[in-house]
Amino acid sequence: MTTSLTKAQLRRHMQHTLSLLPPAQLLTESTAVIHLVTSLPAYQRAQHLSIYINTPTSELQTTQLIRHALKEGKRVYVPRCDGQIMQMVELKDGGLETMARNKWGILEPGKEERAVDPSVLDFVLVPGVAFDSHGNRCGHGKGYYDRYLQQTQAFTCAVCLNDQVIEAVPVEAHDQKPNMIISPNGILFEKQ
């Protein structure tokens, strides 16, 4: 893939590429990444984690990590998007089973649920469409995580599938680099 693609072109290309990913490979790669995340000292120390809920297909599956964190007694917060604002809401009893799907098909807490102050979080799992070994990520195009990460001092860990790793992600001034990016093959990037 050339590095001269715009972010919009990159998103379209990645959407097509990921739509071809066999479900078994998606599960295998997701499991490998989750295993690496749970072995991180930053994850093990964390008590207040933001974990995104994946799209039904074509994205690293996070349900396994959510269940692991809850079993470990950690408090888990999941995103809720409203207009240009993303907030994190604590996952309550009943968890994912009580949520409705939003316009993107992603499970999301209801509007009546109170959001947490971003300063409470000590670990944020960051999604994306494409990633590179320089710590750059291309998100889904709404800027939710770039804006949210400016409000927290939490350890930020982006996760990806092997097909999402490219040579160079186009970068814009507002883009936020995570502390770490993990692929099924290991740590792709770590901030020094």
Side-chain angles (χ1 to χ4, degrees), residues 11 14-15 18 21 26-27 29-38 40 42-43 46-70 72 74-92 95-110 113 115-118 120-131 135-152 154-161 163-165 169 175-184 188-189:
R11 286 184 190 100
M14 292 308 297
Q15 183 178 28
L18 295 173
L21 199 64
L26 177 62
L27 180 60
E29 290 189 22
S30 295
T31 300
V33 170
I34 298 309
H35 176 74
L36 292 167
V37 169
T38 59
L40 293 174
Y43 172 85
Q47 291 303 308
H48 298 267
L49 297 89
S50 164
I51 302 175
Y52 73 90
I53 299 174
N54 57 269
T55 57
T57 59
S58 307
E59 188 172 46
L60 190 129
Q61 306 294 289
T62 59
T63 305
Q64 192 178 359
L65 181 61
I66 291 170
R67 290 193 176 117
H68 180 274
L70 291 171
E72 293 289 312
K74 299 174 185 294
R75 293 174 78 173
V76 175
Y77 304 83
V78 296
R80 175 181 62 210
C81 299
D82 187 15
Q84 294 298 309
I85 306 295
M86 180 176 74
Q87 300 173 314
M88 297 298 164
V89 176
E90 187 169 3
L91 197 58
K92 300 288 186 188
L96 302 173
E97 292 76 24
T98 63
M99 293 184 201
R101 294 197 181 274
N102 65 18
K103 64 183 175 183
W104 298 292
I106 302 169
L107 294 173
E108 188 176 76
E113 301 289 336
V116 68
D117 185 300
V120 169
L121 301 172
D122 44 21
F123 189 96
V124 178
L125 194 74
V126 182
V129 174
F131 304 83
N136 301 308
R137 63 176 276 280
C138 176
H140 291 277
K142 302 290 185 190
Y144 289 126
Y145 275 88
D146 289 317
R147 288 189 299 276
Y148 195 83
L149 295 180
Q150 293 174 4
Q151 304 173 54
T152 181
F155 182 88
T156 54
C157 180
V159 291
C160 61
L161 303 165
D163 286 346
Q164 293 178 288
V165 178
V169 170
D175 292 339
Q176 300 292 307
K177 284 188 179 186
N179 294 103
M180 184 176 284
I181 301 174
I182 296 180
S183 78
L188 179 66
F189 169 80

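Just so you know, residue 1 is the first one in the sequence shown, and it goes up from there. Because the structure is predicted, anything quoted here is derived from the model rather than measured.
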Side-chain donor or acceptor of Asn54 paired with backbone N/O of Thr62 under 3.5 Å
yes

From Asn179 atom CG to Thr156 atom OG1, the distance as rounded to the nearest 0.5 Å:
3.5 Å

Counting C-beta onward and ignoring hydrogens, is there a side-chain heavy-atom pair between Tyr148 and Gln176 closer than 4.5 Å?
no

Is there a side-chain contact (heavy atoms from CB on, under 4.5 Å) between Val116 and Arg75? Walk through the geometry before answering.
CA-CA 11 Å; Val116 68; Arg75 293 174 78 173; over 6 Å; no

As a quick check of understanding, evaluate side-chain contact (heavy atoms from CB on, under 4.5 Å) for Tyr52 and Tyr145, giving each step before the final call.
CA-CA 10 Å; Tyr52 73 90; Tyr145 275 88; 3.3 Å; yes

Take atom CD in Gln151; do more than 12 heavy atoms of anything else shown fall under 6.0 Å from it?
yes

For the residue pair Gln47 and Asp122, establish whether any side-chain heavy-atom pair is separated by less than 4.5 Å.
yes

Output the distance between atom CD1 (Ile53) and atom CZ (Arg80), rounded to the nearest 0.5 Å.
12.0 Å

Shortest non-hydrogen pair, Ala154 vs Val124, comes out as CB-CG2, 3.8 Å

Name all residues meeting the salt bridge (charged side-chain N to carboxylate O under 4.0 Å, His left out) criterion together with Arg11; count only those two or more places apart in sequence or in a different chain, and write none if there are none.
none

Distance (rounded to the nearest 0.5 Å) between Cys138 SG and Asp175 CG
8.0 Å

Nearest-0.5 Å distance that lies between atom CD in Glu59 and atom CG in Leu18:
9.0 Å

Note, Cys157 side chain near Leu40 side chain (heavy atom, < 4.5 Å)
yes

Considering all heavy atoms, the nearest Pro109-Pro79 contact:
CD-O, 3.3 Å

Test side-chain contact (heavy atoms from CB on, under 4.5 Å) applied to Gln164 and Glu29, step by step:
CA-CA 11 Å; Gln164 293 178 288; Glu29 290 189 22; over 6 Å; no

Under a 4.5 Å cut-off applied to non-hydrogen side-chain atoms, are Asp82 and Gln87 in contact?
no

Please state whether the rings of Phe123 and Phe155 are parallel, tilted or perpendicular, taking 30° and 60° as the class boundaries.
parallel

Does the side chain of Asn136 come within less than 4.5 Å of Ile181's, by heavy atoms?
no

Taking C-beta and beyond as the side chain, do Phe131 and Ser183 meet within less than 4.5 Å on heavy atoms?
no

Side chain proximity check, Lys142 to Met86, heavy atoms < 4.5 angstrom
no

Compare every heavy atom of Met14 with every heavy atom of Ala130, then report the nearest pair and how far apart it is.
CB-CG, 4.2 Å

pair Pro184-Leu36: side-chain heavy atoms closer than 4.5 Å:
no

With rounding to the nearest 0.5 angstrom, report the CG to OG1 distance, Asp117 to Thr152.
8.5 Å

Test applied, side-chain contact (heavy atoms from CB on, under 4.5 Å); reference residue, Leu91; option that passes from Leu49, Ile51, Leu70:
Leu70

For the atom pair OG (Ser50) and CG (Leu125), what is the distance rounded to the nearest 0.5 Å?
7.5 Å

Arg137/Asp146 ion pair, N-O < 4.0 Å:
yes

Under the criterion side-chain contact (heavy atoms from CB on, under 4.5 Å), I'd like the reasoning laid out for Ile34 against Leu60: C-alpha separation, chi angles, the key distance, then a yes or no.
CA-CA 9 Å; Ile34 298 309; Leu60 190 129; 4.1 Å; yes

From Met99, Met88, Glu108, residue fulfilling side-chain contact (heavy atoms from CB on, under 4.5 Å) relative to Val78
Met99

